**Q** 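The structure is given below, and queries will be raised subsequently.
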Amino acid sequence: MTYPAYPEYKDSGIPWIGKVPVGWNTLSIRRIVKNHLQGYYDSDGYVSEGVKLLRITDLVGNGKISTQDCPSVKETDGTELLFH
């Protein structure tokens with residue numbers, strides 16, 4: 001799957017991530033998640049179109065991510081978190 005390029009990129013400050021689109025912020029997930037019970041817990045479950053949910057099994061080494069089998073979850077407006 002190929003996504004269109006963003007017009008401008010900046011250094012993420014994280015060596016294995018490299019550059020991210022200008023306007024994106026990077027932060028440690030532990031800064032925004034109060035409690036993570038290893039897994040996705042939501043009564044709505046997975047959806048056919050939505051935001052890709054990255055799982056530990058999608059990390060393939062050397063900082064590379066495979067999105068081929070990532071499930072999708074509903075997109076939120078940012079006021080709720082998909083992590084419990």
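Only a predicted model underlies this, so the values are computations on that prediction, with no experimental measurement involved.
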**Q** Do Arg55 side-chain atoms and Asp69 backbone N/O form a donor-acceptor pair below 3.5 Å?
**A** yes
**Q** Mind running side chain to side chain contact (heavy atoms under 4.5 Å, CB included) on Lys64 and Leu59 for me, showing each step along the way?
**A** CA-CA 6 Å; Lys64 303 227 185 280; Leu59 302 176; over 6 Å; no
**Q** If you look at every heavy atom in Ser72 and Gly50, which pair is closest and at what distance?
**A** CB-N, 3.9 Å
**Q** Is the number of heavy atoms from other residues, nucleotides or ligands under 6.0 Å of Lys19 NZ greater than 12?
**A** no
**Q** Name the residue from Val73, Thr67, Asp58 that meets the side-chain contact (heavy atoms from CB on, under 4.5 Å) definition with Leu53.
**A** Val73
**Q** Excluding sequence neighbours, so at least two apart, what forms side-chain contact (heavy atoms from CB on, under 4.5 Å) with Tyr6?
**A** Tyr9, Pro21, Trp24
**Q** Tell me, please, which residues at least two apart from Ile14 pass side-chain contact (heavy atoms from CB on, under 4.5 Å).
**A** Ser12, Trp16, Ile17, Thr26
**Q** Under 4.5 Å between side-chain heavy atoms, counting indirect links through other Ile/Leu/Val/Met/Phe/Trp/Tyr residues: same cluster for Val60 and Ile56 or not?
**A** no
